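Only one structure is covered here, and it is reproduced in the block below.
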Amino acid sequence: MALIGKIRNNPLLVLLFIGGGILLFVLSDIMNSGNSGPVGPAEAMLARVGEVEIERNEFERTLQVAGTSNDAYQSRDNLWNFYLSEGLIRNETDRLGLAVPRSELDGLTYGPRYSPIIRQTYGNRQTGQVDPTFLNQVREQIDAGDISELEQRYPNFANIWTYQNRQVRTQRLQEKLSALVSKAMYAPSWMAQEYADAQTATRRAAVVRIPFDELDNDEVEVTDADLQEYVDEYRSRYDNLEETRQLAYVSFAVEATPEDSAAVRSVMQDIAQRWQQIPAREDSLFAITNDGSYSGTYVTEEQIAPSIASTIMNDVAVGEIYGPFVEGQLMALAKLIDRRELSDSVTIRRIVRNATIPTQFTEAERLIDSLQTVLEAEPGKFSELAGEFNRDSRSIATNGLLENIEPGQLDPAVDRLAFVTGQTGRLYKLRTPAGVQLIEVVRRSNSTTPRVSIAYVTEQMIPSNDTEDAARVRAEEFLTGKNNLAELKAAAETEGYDVEITAPLNIGTYYIENLGNGQDVRDMVCWAFGADQGDVSGFVYTFTDPNFFYEDKYVVVGVENILPVGQAPVAALRSSIEGPVRDRLKGRKLAEALEGMDLAQAASQYDARIDTLSAVTFTQNSLPQGIGAEPKVIAAAASGTTNQVSGPIVGNNGVYLVKPLSDAPGGASGNLPSARVAMNLNSRTRVQQQLLNGLRAEVEVEDQRAATECSNRR
């Protein structure tokens, strides 16, 4: 009662309780709905590209209809790249007032000016032409406001069509923006004249190159200061537009043990016994049904696996099975089907009628029979008839003639007829899976080579479950007690394991070189973006062989580096830039040794050759004689003093001495109009490629994928 009395005597306290309750209720609603207020959109938002928001739910809906790959992770990454490009373009075009009005979008979608998106989706694969019939039907139903029939025929049609319209609009906006930028690029007369004169100012020059490997790696020391100098010089290459992570990992491979191999060998021996008992006419069927292969092609000794080539060619009898033998990760059996001396080449004439369904085969056979009857009476008309009736893309331009064909270059059935069973000068009708052919063997070469026909049965030497389990146990035991990356690396060195370092990975990474892709890659990346540098994951990650679906490696991983937005730290870049920096230091040391030498002295001391370049201009991008892209060398050759040796030039592939041998022509000698066109074209063609990169560097991207895609992951 005393408490109630106090409340009655303090109305302000009552108002505070009521107000606090209302505030908690409102905040709770906002937090749970994710659709309104200052907190909700952060949950619903996947990313913000400048002023453009990417909603998570809308992204996921689009992903259901926009999958462009059989790999779900790649499809997600492809869609993210589209949304990112769309956002970058919209940020700029909205400010500039560029748009794609409805009438223009209709013209790009329904014709006559089809968007490349529409041509790619609805165009004929052979001709590239778009059949407007389907698109007109779609337009009629959309205009009528009833797409129920389309939804029945094409589930999610509305979402598919909406996404397609966005693609068309985005591509058109990019074209407009690119045109706006490229048309603003102009070469003034003075610049174009200089370029024109430089194009015609050719000079002869002598060049000697001393490669960097004249010095051993241990003759120079790469310091952090050297690395930092290189990064500062090429700063734009190493500015991160988004945060990335490098991982360090130890991989425990799952490899077949001798016991596993023995089990596979026993299986293969049983198959060999069964194979030996079947009739020769069933060899190909037996091989194919037992995961093997048989093409019917005759091959030379050089075309057989080196480990068995000599034995198959010389020791195995026709009909005999050789093996089991090991080839890479396979255990195999090889059955010698035939051995022959075959001509090295053959010339044939043929008329091909393509067919895919029974009625087409019937018509093709009827026509070929008629043509064969005509040609048996009048052999000289083959070229004439082939010119009219042949549909073979390989011989249509030569009226059916195929000359100097080697074994294995034709379909197996045609190959056997041409080299083995057919007689020269006779006509043969041959039915293949692709149609019907009329073939004449014109001649065979006199030179021959021993060849064999082989059928194979193979079996992957897949590790057993016990072997997989043993590898996992090794990985788990190795991980136990490792509290940080330093301890993991020390243990790896002690136990003889290699520590691999990945390239910088962003939050969308779904593939890691040497590991592959899949759920465990996503789990590793998600873990890394929630960890600190030097942390070690407490999980052993499992990777599966993509072909045979056994667990082929187990991986323990830690965070090697965190590369923030902006300039990457030198420590994170060392592995990728240490090579070029070492070459630069070698170049400087070689340049000191070459100072004051002429070309002959340098060539003699370093056993190098002197190359004479006949037509060097300041405007060319690379030099002949294997020199390649060396801008400093080109500049020295084009602008140096005639018959005077340049100072040592540290280039991309070595240290150079350059001696111009002829004077450059003086005065205005180039064609000004063509030079201006060339300069404008050179600048404008780069816009389409570099525009998005330029926008990306200027637009802030708030990427929330780590929060939305990595929830509830290890």
Side-chain angles (χ1 to χ4, degrees), residues 261 264-265 268-269 271-272 275-276 278-348 350 352 392-395 401-424 428 430 432-434 437 439 441-461 547-548:
S261 299
V264 176
R265 182 175 295 276
M268 296 300 285
Q269 288 170 342
I271 293 174
W275 198 0
Q276 198 69 65
I278 69 166
R281 64 179 181 274
E282 298 179 12
D283 281 332
S284 60
L285 179 62
F286 184 90
I288 293 171
T289 55
N290 284 274
D291 296 325
S293 62
Y294 175 69
S295 68
T297 302
Y298 285 78
V299 296
T300 63
E301 183 171 347
E302 290 74 22
Q303 294 171 299
I304 305 173
S307 60
I308 65 168
S310 178
T311 301
I312 293 292
M313 292 298 298
N314 303 302
D315 302 330
V316 176
V318 173
E320 184 179 347
I321 297 172
Y322 178 78
F325 63 93
V326 176
E327 188 65 33
Q329 291 186 311
L330 297 174
M331 189 170 289
L333 301 170
K335 187 169 187 178
L336 184 60
I337 305 301
D338 195 13
R339 180 187 287 116
R340 290 177 183 266
E341 284 276 344
L342 291 186
S343 298
D344 292 330
S345 66
V346 67
T347 296
I348 67 170
R350 66 179 179 178
V352 177
D392 173 33
S393 60
R394 293 181 62 180
S395 62
L401 186 66
L402 289 174
E403 296 186 284
N404 301 321
I405 301 298
E406 298 178 3
Q409 294 183 341
L410 298 168
D411 293 336
V414 181
D415 195 78
R416 182 171 180 80
L417 174 67
F419 285 94
V420 181
T421 61
Q423 298 179 19
T424 57
Y428 296 90
L430 187 64
T432 71
Q437 303 184 24
I439 301 172
V441 181
V442 178
R443 59 181 175 273
R444 296 189 179 104
S445 67
N446 292 326
S447 61
T448 62
T449 301
R451 295 175 182 267
V452 292
S453 177
I454 313 171
Y456 295 96
V457 169
T458 59
E459 184 73 27
Q460 177 79 10
M461 289 191 291
N547 298 313
F548 298 97

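Note that the structure is predicted; figures quoted are calculated from it, not measured.
Sequence neighbours left out, not one pair with a member in residues 289-303 passes salt bridge (Lys or Arg N to Asp or Glu O under 4.0 Å). Evaluation of the ring pair (Phe, Tyr, Trp, His ring centres under 6.0 Å) test over residues 289-312, restricted to residues two or more places apart or in two chains, returns none.
Remark: Asp344 pairs with Ser447, Thr449 by the side chain to side chain donor-acceptor pair (under 3.5 Å) rule, at least two apart or across chains. For Phe286, the ring-ring contact (aromatic ring centres under 6.0 Å, His included) partners at least two apart in sequence or on another chain are Trp275. Taking the salt bridge (Lys or Arg N to Asp or Glu O under 4.0 Å) definition, one finds that Asp283 meets it with Lys335, sequence neighbours left out. Asn290 pairs by the side chain to side chain donor-acceptor pair (under 3.5 Å) definition with nothing, not counting sequence neighbours. In this structure, Pro433 has no side chain to side chain contact (heavy atoms under 4.5 Å, CB included) partners at least two apart in sequence or on a different chain. Partners of Glu403 according to the salt bridge (Lys or Arg N to Asp or Glu O under 4.0 Å) rule, which considers only residues two or more places apart in sequence or in another chain, are Arg443. Not a single side chain to side chain donor-acceptor pair (under 3.5 Å) links Thr432 to another residue, sequence neighbours left out. Applying the side chain to side chain donor-acceptor pair (under 3.5 Å) criterion to Ser395, with sequence neighbours excluded, gives Asn390, Asp392. Residues that satisfy the salt bridge (Lys or Arg N to Asp or Glu O under 4.0 Å) test with Arg451, not counting sequence neighbours, are absent from this structure.
Proximity of Gln437 to Asp411: side-chain heavy atoms (C-beta onward) are separated by under 4.5 Å at one or more points. The shortest side-chain heavy-atom distance between Ile278 and Leu285 does not fall under the 4.5 Å cut-off. Annotation: side chain of Gln460 is in contact with side chain of Leu330 (closest heavy-atom distance under 4.5 Å). Side-chain atoms of Val452 and Ile304, non-hydrogen and from C-beta on, do get closer than 4.5 Å to each other.
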N/O donor-acceptor pairs under 3.5 Å from side chains in residues 319-329, not counting sequence neighbours:
{"residue": "Glu320", "atom": "OE1", "partner": "Ala317", "partner atom": "N", "Å": "3.0"}
{"residue": "Glu327", "atom": "OE1", "partner": "Ser307", "partner atom": "OG", "Å": "2.8"}

